[in-house]
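Along the sequence shown, residues carry numbers from 1.
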Amino acid sequence: MVCGGFTCSKNALCSLNVVYMMVGLLLIAVAAWGKGFGLVSSIHIIGGVIAVGVFLLLISIVGLIGAIHHHQVMLFFYMVILFIVFLFQFGVSCSCLAMNRGQQEVLLKSAWGILENNTKTDLESQLNCCGLLNVTGSTFEKDLINCVAPCKLKRSCPTCGEKMLNHATEVLKILGGVGLFFSFSEILGVWLAVRYRNQKDPRANPSAFL
């Protein structure tokens, strides 16, 4: 059987979904580990990471079962959902790569504003900083009072916004690059699913429909 045949497409699609399954399990494990060790106390962040992991795990299971049984309906829904995920992830990755410093500040302020107090104190302790950005009309004074970072004892604390922005460009490039790489792996999965779905199973009844 040549590599472009039925068996090769089936094995390639199964392998790709096993990788997706491992990534989903890894996300769930990392979120549970972070919660267990007290690195992140926000249930929203933990829940969000676990939700992404569970979603990826479910999609990979659907794709794996569809590939093993050559199930037309499962493969159809798998490739449609994976293509939607590809479009979303591709757009987010390109946005990360194109974001300038001003846009990074706006994004940080928006994200900081919706964080719980426990999550803010976790970040301040981990980064050894207090508050986001010392700007007029912000909640900086309130954050400074609630701050428990070690640097507060020395009465000389940098703002967390400054620390984050110093590394934000590099982090966004990494996130954008990784997201872009995985988005192309998703379009590969869509292509494999379409190709495999339209191939005839050589072991099936020759008179049967695809």
ask   = Between CD1 of Ile65 and NE2 of His70, what distance do you get to the nearest 0.5 Å?
value = 15.5 Å
Separation of SG atoms, Cys160 and Cys130, below 2.5 Å = no
task = Might you work through the side-chain contact (heavy atoms from CB on, under 4.5 Å) test for Phe184 and Leu180, ending with a clear yes or no?
result = CA-CA 6 Å; Phe184 284 113; Leu180 206 59; 3.9 Å; yes
remark   = OG of Ser9 to CH2 of Trp191, rounded to nearest 0.5 Å, is 6.5 Å
message = Do Val23 and Phe88 land in one hydrophobic cluster if side-chain heavy atoms of ILVMFWY residues count as linked below 4.5 Å?
response = no
remark   = Taken to the nearest 0.5 Å, the spacing of Cys14 SG from Met21 CE works out to 9.5 Å
ask   = At what distance, to the nearest 0.5 angstrom, does CZ of Phe90 lie from CZ of Phe83?
value = 11.0 Å
message = How close do Cys147 and Cys129 get, counting heavy atoms only, and between which atoms?
response = SG-O, 3.5 Å
message = Testing the basics here: between Met79 and Val194, what is the closest heavy-atom pair and its distance to 0.1 Å?
response = SD-CG2, 3.3 Å
key: Distance-minimising heavy-atom pair for Pro150 and Asn128   = CD-OD1, 3.3 Å
message = Hydrophobic clusters here meaning ILVMFWY residues chained together by side-chain heavy-atom distances under 4.5 Å, can you tell me if Val106 and Val92 are in one?
response = no
message = One pair to check against side-chain contact (heavy atoms from CB on, under 4.5 Å): Phe182 and Val85. What are the steps and the verdict?
response = CA-CA 10 Å; Phe182 275 104; Val85 172; over 6 Å; no
key: Among Ile68, Val18, Leu192, Leu188, the one residue meeting side-chain contact (heavy atoms from CB on, under 4.5 Å) with Leu13   = Leu192
Rounded distance [0.5 Å steps], CZ in Phe77 versus CG in Leu82 = 14.5 Å
ask   = So, the side chain of Gln103 versus the backbone of Asn100: is there a donor-acceptor pair under 3.5 Å, distance only?
value = yes
ask   = Can you list the steps and then say if Tyr20 with Ile59 is a side-chain contact (heavy atoms from CB on, under 4.5 Å)?
value = CA-CA 8 Å; Tyr20 288 157; Ile59 291 300; 5.8 Å; no
note = Distance col, row Leu58:CG vs Tyr78:OH, nearest 0.5 angstrom, shows 13.0 Å
